[in-house]
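A quick write-up on the structure given underneath.
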Amino acid sequence: MTQLPNSTDRKMGLVIDLDTCVGCHACVISCKGWNTENYGAPLSDQDPYGSDPSGTFLNRVHSYEVQPTPCSSQPAPAAQLVHFPKSCLHCEDAPCVTVCPTGASYKRVEDGIVLVNEDHCIGCGLCAWSCPYGARELDLAEGVMKKCTLCVDRIYNENLPEVDRVPSCVRTCPAGARHFGDLGDPDSDVSKLVAERGGMDLMPEMGTKPVNKYLPPRPKDTIEEEIDILAPLLAPVAEEPQGFMGWLDKALDKLPGGAH
Amino acid sequence: MTFQQPRVETSPAVSDEVRKTTCYMCACRCGINVHMKDGKVAYIEGNRDHPVNKGVLCAKGSAGIMQVNAPSRLKAPMMRTGPRGSGQYKEITWDEALAIAVGWLEPIRHEAPEKLAFFTGRDQSQSFTSFWAQSYGTPNYAAHGGFCSVNMATAGIYTMGGAFWEFGQPDWDHTKLFMLFGVAEDHDSNPIKMGLGKIKKRGARVIGVNPIRSGYNAIADEWVGITPGTDGLFILSMIHVLMKAGKIDLDYLSRYTNAPVLVNASEGPDKGLFLRDDDGKMLVIDRNTGKLTPFDQPGVRPDLAAVYEKDGITHRPVFHQMAERYLAEEYAPEAIADKCGIPAKRIRAIAGELARVAFDEAFELDVEWTDFRGEKHTKMTGRPVSMHSMRGVSAHANGFQTCRALHVLQILLGTVEVPGGFRFKPPYPKPVEAHPTPHCKATPDAPLDGPHLGFVRGPEHLALKEDGSPARIDKAFTWENPMSAHGLMHMVISNAHAGDPYKIDTLFMYMANMSWNSSMNTKGVMEMLTDKDENGDYKIPHIIYSDAYSSEMVAFADLILPDTTYLERHDCISLLDRPICEADAAADAIRWPVIEPDRNVRGFQTVLVQLANRMKLPGFTNEDRSAKWQDYADYIVNHERKPGIGPLSGFRGTDGSKTGRGEVNPEQLNQYIENGGFHVAHIPAGADYYKPWNTAYQDWAVDMGIYDSPQPYLFQLYVEPMRKFQLAAEGHGDRQPPDHLRQRVKDVMDPLPIWYETDQQGNEGFTVNALTQRPMAMYHSWGTQNAWLRQLHGRNPLYVPTKLMHENGLQDGDWAKVTSPHGSITVPVMEMAALNDNTVWTWNAIGKRKGAWALEEDAPEATKGFLLNHLIHELLPPKGDGMRWANSDPITGQAAWFDLKVKIEKAAAPADLQESQPAFPAQESPVGTGPKELKWKVGK
Amino acid sequence: MHPAPSVIIFTTLSGLGFGLLFFLGLGQPAVTGTVAFVFYAIAFGLACGGLLASTFHLGHPERAWRAFTQWKTSWLSREGVCAVGALTVMGLYALGAIFMDSHWTLLGWIGAALSLATVFTTSMIYTQLKTIPRWNMELTPAVFLSFSLAGGALLAGAETAAPWLLAIAGAVQLAYWAKGDKALETSGTDIGTATGLGDRGAVRAFEPPHTGSNYLLREFVHVVGRKHAQKLRMIAFVLGFALPLLLILTPVEGVVIKHVFAALAVLSHLAGVATSRWLFFAQAEHVVGLYYGKR
Ligand SMILES: Nc1nc2c(c(=O)[nH]1)N[C@H]1C(S)=C(S)[C@@H](COP(=O)(O)OP(=O)(O)OC[C@H]3O[C@@H](n4cnc5c(=O)[nH]c(N)nc54)[C@H](O)[C@@H]3O)O[C@H]1N2
Ligand SMILES: Nc1nc2c(c(=O)[nH]1)N[C@H]1C(S)=C(S)[C@@H](COP(=O)(O)OP(=O)(O)OC[C@H]3O[C@@H](n4cnc5c(=O)[nH]c(N)nc54)[C@H](O)[C@@H]3O)O[C@H]1N2
Ligand code: SF4
Ligand code: SF4
Ligand code: SF4
Ligand code: SF4
Ligand code: SF4
Ligand SMILES: [Mo]
């Protein structure tokens, strides 16, 4: 249904930790594998062994460089690099749903997952136009819109052991940078993580109210600012090798069982 | 209005069956669940029970399905029909292939087995392939370690009986400060990521030392963008600061290291050697009694300070020499800061943080244990500082000493094999003494006199012939690189081509793309492989190669033995080799044919068994001349290295109930399969730290068959074997280095870590460091044939720091000419700010030769991708006297990939064809090219 | 945005067709019989041809009927409904004019209103997209409506209205360009908000997620050179508005020449609008480009 539900029972989504993501693309390929074999049409690839290979992916990992603004404590800060996975954010106010002329795009009432009913989709592409995040890709072979399903065919799947009822990308992430849960429940692990680490929205000004949250990278390159605490630890025990031997002798005496 | 939405099948069947085996999209060897539908591979995920990956899987692992179905797979044995390099072949039968191979191998075995050079790449069956080579009798065997990370392995083993690489790991659960030197990905791919995730979760600190801030270094809390090749100085400077501040673990040093061992300090042939008793035991002064005593006696408290004099000869503890050396002002942060490109204040801050965490955040585990002196401890002291390092340190010509320095730093802080620190994985720790020495004596029709590779203890173990010339084709274990424990695969082709030290007949290679990304001087190597003598015969007469895919190297072989993919064969990841252990468990694993090959291919190890059987090689043949094994699976189960010890340590004994030692179990493979493809034996609690000195661990290791008797030992801050080489260079002893190497041996074989500038001869004017990194989603050249992975990395720009971009007027997408003393390439550039100001880099092994890997000839890998290898030569530029020295570490022979220096200038885009230069003519693809579209779905 | 020919053809032709239907519905010109047939054939040809062209870019044209179902929320659906409404009503009206020689005025007005509404709904498909700041402004419907009316007037031979409408459309076009050029900057969305990293410092896209291309890049990232765009704007403006205005305002003798001039004006206008429409797409920056460091 093209109309958005007034509210959803739960807000299932992902929390992605930008402080931990190493940019390995494991989530990208795992997603490709699972979704090629499962929900809807396979994710096809065009010219896979030729000059312009391209294909449908539901999750992609970008990377950005941030040049911090100099300040008094860091007059010449080093540039930072942030790996940045991105899939559908399962927005509460999902414009991709309301623009859809056929009702193929819809948001589920029970968990807020935004899905495409591939049997109804005409492949007009408008939903992808309306998504600020680039979360939808039209499959060229099948002519229908593909997007992250939040692995709706895993998370409730009774053929999978309980622990495995999480999205494929979450299960596979070697660094543990992806978390899955109910962001509508303030007591869920993911909600707590978001609160603790200052989880943020992408393009909040778009008014899409994404369910997925991003945990910002922690502050970096601060060790020199701690020199006042660290320097005393490094006070020399002696200036000369001779003095050092003297210190050594005394220090050895102090060891348990060290006295002559 | 009721909200209507379609009903979605949320519980679809996932697969018909799950088969558990071991990934081989890289050498990390994670456990995988292969989901099968209709008898075909449908989906691959990580195995949660597996000790290595605990369920996670990297991009390559998940893309395994595209590898197993890749159009580049070889289909049948092939015989060359066109000239070498052309890629023209005809398919032949296995019978023909084996007959041809035996036709080449058998005569030279009768005549001179060293005429066979058998070198393997990153396979995981080295204990088997070396066994084959030993039975055959050639001394010319090694795997790829010599150009990979032999510095790391050797420095670790000589110093502390185990290395980083994949042989040890941080105590991820307890560490609070993790310092990473020169790592982009490493073999322990998933475990490192899992570990980083763990410590990030705890908010512990990560310090990344790397000229490039990507991947692991991007998430490091502190980035140290060091000047390549200067880590040794940085580390020694931290050692200087820490020693000066007394922030070292004296108790640990005195108990577990050779810091208190007495060294002869008087001139003469024994100078620098340890004072030993008649049994050869190292002697120390006991601080309790003030008496001279062997280091390992009960109750002894070795003294780090006391000097011993006898017969006018002074013996001083190792620690004295260390203090003398490292307290010198030349190692003060201020003295080295500029060279390393790290501000002195930052060096001090990092040293301070190491001290703070190691000592102020020390903690205790209430675990009892008994050390090798018989002393009982009620606690284990944790020093939660851990370190890890790989090729960024290793692949420089000063890498051995740098890596040693790093271990010495760890040891001074008392953080090895303690809670929170760095821990070994079985079969390590294992002292040098427990390793073999190299063997090289070839005898016609007979096996070699012992294992090829080993650890020299002095000049007497060098692999030299009577006349002093190298016994091995790669000149491993010679004065040029005395401690080359892994051989020098990167020198084989050039030495064989030059007939130096002698000519060979057959070059037999397995799983190494030596005509392309794994060679230095790629173009030169291609020429050597195709070069002919005055009679018009190839200078290297025969080349046999085993690959599973249509790689660049395939085009250069005369005979191709096509391997299966990793899901179609038996493999054994053995404790005798490079197993999959964890710090608290011994583990090994297998691969088994979860699908049958649909082509005329055979597992290479099985082919080796078949070749051995045809030649009736001794190790493979019963007394009645019948074959011991029919195929590799048969060997895995039935071979015993020593009575009760075989390739697999699990499910031994006739009923599979024994672990480590036990009789052959015919059902062993099935039991592995039932268990998920692996076997784990946990180290008992209380035996899992302090392993080199912990009697409980030592006893467990003996039970497991890792050692034959307990092997406690001291960490070697001072490496005595190195001193023996120095003594020879000083003129002592009868094995003497040639004069041109004498000074170098004296200089570099320092038994205490030093730093030296790598050889910059001929590099004048080439000021920019050029590096490569492994992309996490690609494995060397293999990744490219994978339709999913090649979309991620289908070409590789040269990343150039902002400053150099501006200086050279470059913008993203421009082309630049990059020149080294050896050659030049023209390639596209991209700006990177988070990069050392004087370093450029690119992803490793993305560039491809046209026609390889079943790709179309205009694939971006071939047109835009490129290799830095064209700029790196296996020899350094000529010296004044015209001599050219190897571009390798003078101690181990480790290829110095990362010593490369270049200059860079803006170039017009290559005019006619916008292609990276140099471009090579296409090779013909023996397997055609892949389809135009993929719509992969196995199940309905 | 990728300037897909199908969408450019669709919006250009159907805008013109519905513009003509609008005037015909108002009885301008109040033609009947064969002449009416010709007029309606042209109008329906343009409107339907456009609609047909738009189905070319669908992945599943055979399911296009489903697109009528979501008129409550979807402007694309509304467009479909309006278009069918307009075509049906104007079809009836046309039958009256051609075969019964009668103008059912009320029906005509309704048809005219639906025709304009169709153009408006088309414009709203683009206007509603916050993701494309250059489209997400009131001037977008103004562009579509004014172009449609101007073109319709030209085709309908509405001599008094046409010059004014052309002038207005030209002015709207200039205003649209002026405002559109600043739209992305003033939208408040940049790579900083896109990544959430903006308050840490200057953000720059580094490695793309893949070296190969993908649907998003093909569909949303299209960079027109500045100079090139300026030139095309000149062409669009001259052909679309200035030249037609000149042609219809030039006093000429004789019906044939007059018709020739009128025909030239229409063709010129059509070419101009098509160029403008090409630019409308090609210059539109989708915010997703920010993730790729492209606009
Ligand atoms: N510039 C630069 N060059 C480098 C390095 C660097 O850092 N920079 N690193 C060096 C290092 S450390 C290494 S280890 C080398 C690696 O270089 P190589 O060892 O050459 O690695 P690969 O490219 O993976 O090639 C191995 C070959 O094995 C084949 N293969 C894959 N799977 C199988 C199989 O199941 N059976 C068989 N029989 N063959 C198979 C592949 O098709 C391929 O042809 O590169 C070295 N080269
Ligand atoms: N995904 C993937 N995994 C792999 C491989 C692969 O091809 N792909 N290859 C496997 C193989 S064969 C190997 S040997 C391992 C190697 O694993 P790594 O050791 O991680 O090897 P590299 O990717 O060569 O990374 C070397 C790192 O050292 C840095 N570096 C270079 N010079 C210096 C220096 O002087 N000082 C410091 N501090 N850093 C420096 C480089 O910037 C780079 O980050 O990876 C293994 N794992
Ligand atoms: S798998 Fe995890 S660490 Fe790797 S790119 Fe995805 S989110 Fe980042
Ligand atoms: S991220 Fe895009 S596709 Fe997903 S719900 Fe939001 S707008 Fe729709
Ligand atoms: S492409 Fe499919 S899902 Fe997207 S708007 Fe069109 S019909 Fe709806
Ligand atoms: S939740 Fe599932 S569909 Fe969505 S990105 Fe992750 S793996 Fe892909
Ligand atoms: S790290 Fe990746 S490719 Fe390597 S074995 Fe593990 S899953 Fe396979
Ligand atoms: Mo390697």
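Every value quoted in this text rests on a predicted model; they were computed, and no experiment measured them. Protein chains get the first letters and strands the later ones, always in sequence-line order, with residue 1 at the start of each.
For C/Ala194, the parts lying near chain A are the backbone and the side chain together; criterion is any non-hydrogen pair under 4.5 Å. Using a 4.5 Å cut-off between heavy atoms, A/Val82 touches chain C through its side chain atoms alone. Only the side chain of C/Arg218 comes within contact range of chain A, with at least one heavy atom under 4.5 Å from a heavy atom of that chain. Looking at A/Pro68, both its backbone and its side chain come within 4.5 Å of chain C, counting heavy atoms on both sides. With a 4.5 Å cut-off on non-hydrogen atoms, A/Met206 touches chain C through its backbone and its side chain both. Looking at C/Glu79, neither its backbone nor its side chain comes within 4.5 Å of chain A, counting heavy atoms on both sides. Looking at C/His57, the atoms closer than 4.5 Å to chain A (heavy atoms on both sides) sit in the backbone and in the side chain alike. For A/Phe84, the part sitting under 4.5 Å from any heavy atom of chain C is the side chain, from C-beta outward, and nothing else. In this structure, chain A has a heavy atom under 4.5 Å from the side chain of C/Ile191, while its backbone stays farther away. Heavy atoms of C/Gln128 lying under 4.5 Å from chain A belong exclusively to its side chain. With a 4.5 angstrom heavy-atom cutoff, C/Phe220 touches chain A only via side-chain atoms. Using a 4.5 Å cut-off between heavy atoms, A/Gln80 contacts chain C through its side chain alone, with no backbone atom that close. With a threshold of 4.5 angstrom between heavy atoms, A/His25 approaches chain C through side-chain atoms but not through N, CA, C or O. Contacts between A/Val61 and chain C at a heavy-atom distance below 4.5 Å involve the backbone alone (N, CA, C, O).
The minimum heavy-atom distance between A/Pro101 and C/Ser77, with the atom names listed, is O-OG, 3.7 Å. Looking at every heavy atom in both residues, A/Ile122 comes nearest to C/Ala67 through CD1-CB, 4.2 Å. Closest approach of C/Thr73 to A/Gln3, counting heavy atoms only: CG2-CG, 3.5 Å. Residue C/Arg66 comes nearest to A/Asp119 through the heavy atom pair NE-O, 4.1 Å, listed as atom of the first residue, atom of the second, then distance. Shortest non-hydrogen contact noted between A/Val99 and C/Leu76 is O-CB, 4.4 Å.
Per-residue heavy-atom pair counts under 4.5 Å with chain A were compared for C/Pro61, C/Gly196, C/Gly212, and the maximum is reached by C/Gly196. Each of C/Leu197, C/Thr195, C/Val288, C/Val203 has some count of heavy-atom pairs under 4.5 Å with chain A, and the biggest count is that of C/Thr195. Note: A/Ala128 leads A/Gly207, A/Ala128, A/Pro216 in heavy-atom pairs under 4.5 Å with chain C. Taking chain A as the reference chain and counting heavy-atom pairs below 4.5 Å, the highest number among C/Thr189, C/Asp199, C/Thr55, C/Leu129 is found for C/Thr189. The candidate with the highest count of non-hydrogen atom pairs below 4.5 Å against chain C, out of A/Glu205, A/Met200, A/Gln46, A/Arg136, is A/Glu205. Counting heavy-atom pairs closer than 4.5 Å to chain C, the top residue among A/Pro204, A/Pro77, A/Pro219, A/Cys131 is A/Cys131. Taking C/Tyr292, C/Trp75, C/Trp71 one by one and counting their heavy-atom pairs under 4.5 Å with chain A, the maximum is reached by C/Tyr292. When A/Leu202, A/Leu18, A/Asp139, A/Thr208 are compared by the number of non-hydrogen pairs under 4.5 Å with chain C, A/Leu202 comes out ahead.
Taking NE2 of A/His120 as the reference point, atom CD of C/Gln70 lies at 10.0 Å (rounded to 0.5 Å).
Not one N or O on the side chain of C/Ser213 forms a donor-acceptor pair closer than 3.5 Å with the backbone of A/Ser54. Although no hydrogens or angles enter the test, the distance criterion places a donor-acceptor pair under 3.5 Å between the side chain of A/His62 and the main chain of C/Tyr291. Of the possible donor and acceptor atoms, none in the side chain of C/Arg63 sits under 3.5 Å from a partner among the backbone N and O of A/Gly123. Looking only at distances, a side-chain donor or acceptor of C/His60 sits under 3.5 Å from a matching main-chain atom of A/Glu142. In this structure, the side chain of C/Arg200 engages the main chain of A/Pro217 through a donor-acceptor pair within 3.5 Å. Judged by distance alone, with hydrogens and angles left aside, the side-chain atoms of C/Tyr215 form no donor-acceptor pair with the main-chain N or O of A/Phe57 at under 3.5 Å.
In this structure, A/Trp129 and C/Phe281 have perpendicular ring planes: the angle between them is above 60°, well past the 30° mark.
More than 12 heavy-atom neighbours from other residues, nucleotides or ligands sit within 6.0 angstrom of CH2 on C/Trp278. Shown here is C/Glu138, whose CD atom has no more than 12 heavy atoms of other residues, nucleotides or ligands within 6.0 Å.
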Stepwise side chain to side chain contact (heavy atoms under 4.5 Å, CB included) check, C/Asn214 with A/Arg60 = CA-CA 11 Å; C/Asn214 68 10; A/Arg60 305 212 184 231; 3.3 Å; yes

